[in-house]
Asks: 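I'd like to ask you about the structure that follows.
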Amino acid sequence: MTEVRVRFAPSPTGTLHIGGVRTALYSWLYARQQGGKFILRVEDTDQGRSTEESARVIVESLRWLGLDWDEGPEVGGPNGPYFQSQRLDIYREVVEKLIASGHAYRCYATKEEIEAAREAFAARTGRKEGFTFESPYRDGKQPADPSAPHVVRFKAPREGTTAWDDLIKGRIEIQHSTLQDFVLVRPDGMPLYNLGCVVDDITMGVTLVARGDDHMINTTPQILIYQALGAKVPEFAHVPMVLAPNGQKLSKRHAAVGVLEYRDMGYLPDAVLNYLVRLGWSYGDQEIFTRAELIEKFSWDRVGAQASRYDAKKFAYVQGEHLRMLDDARLAEEVAPFLEARGVKVAPDDPRLVKAMPYLKPRAVTLVELAEAAEYFFVDEPAMDEKAAAKFLTPEAVPHLRWLASTIAGVEPFTDAQLSPHVTAAMEAEGLTMKEIAQPARVALTGRTKSPGLFEVMEVLGKDATLARLERAIERAGT
RNA sequence: GGCCCCAUCGUCUAGCGGUUAGGACAUCGGCCUCUCACGCCGGUAACAGGGGUUCGAGUCCCCUUGGGGUCACCA
């Protein structure tokens, strides 16, 4: 059996968006499952639109997601270079072969001539779509000047069909009559998509091509190139689009499209992968998967053929599940940078931070929310919500806070397990209830009305800080 | 418009000829409760329409409708 070799081949013309991530993810999962190779190749032959910045963002995005590649930018490999703009010599050689074998020809028709033909077509048919250019050079017309600017076109068959068995879409068959003599090389020598893609996939030994289903139209021309070159045609898997909630094309209006935005919003890479994999792929009733499970369970035949819509709510749910799955030490490491971004310096292995995690994580979805919820533990004085203070830190609350302070002062160890029964019993003896005590105390300790359980907060805070905060609140409420 | 793809709850989906059409998110009730969450229990909610094939169609075929993609010297 030959080694599975799959690639992700983005063009660096923007951020890596979630649709692209899903395609990359499926490919990566398949490569990892099969013990094959995952190749990253940058298709930057459009000099006008490609940017180095975009290539950097794509690499950074994949790194953050943990979709590591065996060959490609930064890691190299035996079939490099992995930027198409550095592979021009390879394409040139292949094109000469195609021309020599009669599969391609030089076309000297100018853009103006093609445009004129297009307009004549529009005048004749009343529509501008569906135009195919018939080059006079296809059948051997000689140019006035062979050194004049020209493109190279593929001599597409006019009859017959091309078919393939798509791993996702099933058998697809296309009539050659719908094809035109597509351009392989621009006048400046830069290859076009269909040529570069096929040549690279051949020379890189790619066995399975997975891409968005908006590329399905390109598959027939590409198969024809494989055949003209006498190369083995790989398998194809055309992954459906990810659409906006309203069924339209996904854009920044509908969602954060670039994956790095999710990193900044405090999403976990595994959650992003989990959400995206389930968008189109299913495994019975299971919704939440670890990375290892995904690698084990993924298969192309369980990828749906229809487009799916982005759902931010479900995404948030999946993220919340992954947040809660993470063990406390790891979670503390993840959240520390987000605390620091808020101006709160905490060591990632601070014991209080780790101890707070079990109490905080049921109440947060993103790392940003988690940091927000952890903040008051690590500042000298919690930021006071004035509305909360006005409502709960009243003169009437003072006796309760005093009572609470004196009741807990002698508790050792100062933990939820000790505090909770001790205070409850004392309250009962005094005829007090948690309802009267809890909210004023919560505001005193955290500065807000929502938090983990009162005694859990006390445990993380420690006795000194707890008593100090109660004292300050009593002073404030007493005036 | 031509060509191509697609079609089960609002959304993601299970279903691969015989099911009370299942799960998840969302939504609506309720429980738990010191707040907020988490969690738990329950409800509403779908086979686009029409023809076939078959003893029997969500499942197979055709048409219609609807949605998407694509018609470049972009990828």
Side-chain angles (χ1 to χ4, degrees), chain A residues 9-13 43-46 48-50 84 107 109-111 114 125-133 149-153 166 168-170 172-175 177-180 182-188 190 192-194 196-197 211-220 238 240-241 243 245 247-249 275 278-288 301-302 304-318 320 324 359-365 373 388 392 420 423-424 427 433-443 446 448-455:
Chain A
S11 71
T13 54
E43 307 213 328
D44 57 347
T45 54
D46 186 335
R49 298 198 306 149
S50 298
Q84 288 192 324
C107 172
T110 63
K111 277 193 163 181
I114 296 172
T125 63
R127 59 172 208 275
K128 56 183 183 357
E129 301 90 350
F131 167 74
T132 55
F133 178 64
H150 60 273
V151 301
V152 177
R153 287 182 186 272
D166 197 279
I168 293 172
K169 303 282 188 174
I172 311 282
E173 197 165 335
I174 307 286
Q175 304 283 330
S177 55
T178 63
L179 260 42
Q180 67 171 340
F182 53 91
V183 175
L184 297 171
V185 185
R186 294 184 180 87
D188 65 1
M190 284 303 258
L192 253 48
Y193 173 66
N194 281 325
C197 180
R211 62 191 10 162
D213 69 3
D214 52 336
H215 277 292
M216 263 197 290
I217 190 76
N218 289 316
T219 304
T220 300
H238 286 97
M241 306 274 91
L243 303 174
Q248 301 295 297
K249 200 173 158 119
Y275 174 68
R278 274 289 288 107
L279 210 56
W281 175 84
S282 60
Y283 190 82
D285 286 341
Q286 190 171 349
E287 297 285 348
I288 304 300
D301 59 10
R302 299 194 69 83
Q306 72 277 32
S308 42
R309 303 180 189 206
Y310 175 83
D311 181 353
K313 289 252 182 66
K314 177 101 179 230
F315 196 171
Y317 161 77
V318 172
R324 273 167 241 131
Y359 306 139
L360 259 18
K361 63 185 177 184
R363 276 162 257 260
V365 169
F392 292 108
S420 188
V423 175
T424 307
M427 265 191 322
T433 66
M434 271 307 271
K435 277 219 184 322
E436 314 171 74
I437 309 276
Q439 283 306 74
R442 189 182 317 281
V443 174
T446 69
R448 52 184 88 177
T449 56
K450 303 172 185 178
S451 84
L454 203 52
F455 305 116

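Order of the sequence lines fixes the chain letters, A, B, ..., with proteins taken first and strands second; residue numbering starts at 1 for each chain.
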Asks: For a quick check of understanding: with a heavy-atom distance under 4.0 Å over all strands, which category does G280(A) fall into, base, sugar-phosphate or nothing?
Replies: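 If one applies the 4.0 Å heavy-atom cut-off, G280(A) turns out to touch the sugar-phosphate alone, with no base involved.
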Asks: I'd like to know if R49(A) reaches the base of C74(B) with its side chain, counting only an N/O donor and acceptor under 3.5 Å.
Replies: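 Yes.
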Asks: Who passes salt bridge (Lys or Arg N to Asp or Glu O under 4.0 Å) against D166(A), sequence neighbours left out?
Replies: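 Result, salt bridge (Lys or Arg N to Asp or Glu O under 4.0 Å) vs D166(A): none returned.
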Asks: If I take atom NZ in residue K450(A) and atom P in nucleotide C38(B), what distance separates them, rounded to the nearest angstrom?
Replies: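 The answer, rounded to whole Å, is 12 Å.
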Asks: Could you check which nucleotide pairs with U27(B) in any of the strands shown, counting Watson-Crick or G-U wobble with both distances under 3.5 Å?
Replies: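 In the structure as shown, U27(B) has G43(B) as its Watson-Crick or wobble partner.
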Asks: Provide the distance between the two C1' atoms, one in A24(B) and one in A45(B), to the nearest whole Å.
Replies: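 Nearest-Å result for A24(B) against A45(B) at atom C1': 14 Å.
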Asks: Answer yes or no: does a side-chain N or O of S282(A) lie under 4.0 Å from OP1 or OP2 of A14(B)?
Replies: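 Answer is yes, contact under 4.0 Å.
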Asks: Please encode protein proximity along nucleotides 18-28 of chain B as a string of B, S and -, counting only heavy-atom distances under 4.0 Å.
Replies: ----BBBSS--
Asks: Using a distance-only test with no angle check, is there a side-chain donor-acceptor pair under 3.5 angstrom linking R211(A) and T219(A)?
Replies: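 Side chains of R211(A) and T219(A): pair found under 3.5 Å.
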Asks: Could you go through nucleotides 63-72 of chain B and list every protein N or O atom that sits under 3.5 Å from one of its N or O atoms, giving the distance for each pair?
Replies:
from	atom 1	to	atom 2	distance (Å)
G68(B)	OP1	Q248(A)	NE2	3.0
A72(B)	OP2	R118(A)	NH1	3.1

Asks: Run the side chain to side chain donor-acceptor pair (under 3.5 Å) test against R153(A) and tell me which residues pass, sequence neighbours left out.
Replies: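 Per chain and number, R153(A) pairs via side chain to side chain donor-acceptor pair (under 3.5 Å) with no residue.
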Asks: Classify the nucleic acid contact of I437(A) as base, sugar-phosphate or nothing, counting any heavy atom under 4.0 Å across all strands shown.
Replies: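 I437(A): no heavy atom of the nucleic acid under 4.0 Å.
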Asks: Checking base pairs now: Watson-Crick or wobble, both atom distances under 3.5 Å. What partners C16(B)?
Replies: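 Base partner found: none.
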Asks: For R448(A), check salt bridge (Lys or Arg N to Asp or Glu O under 4.0 Å) against everything at least two apart and list the hits.
Replies: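 Expected list: E372(A).
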Asks: With heavy atoms under 4.0 Å as the rule, sort T110(A) into base, sugar-phosphate or nothing.
Replies: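 Touches a base.
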Asks: What is the pairing partner of G1(B), taking Watson-Crick or G-U wobble pairs with both distances under 3.5 Å in any strand?
Replies: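 G1(B) is paired with C71(B).
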Asks: If the condition is side-chain contact (heavy atoms from CB on, under 4.5 Å), which residues does A316(A) pass it with, not counting sequence neighbours?
Replies: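 side-chain contact (heavy atoms from CB on, under 4.5 Å) list for A316(A), sorted by chain: Y267(A), V365(A).
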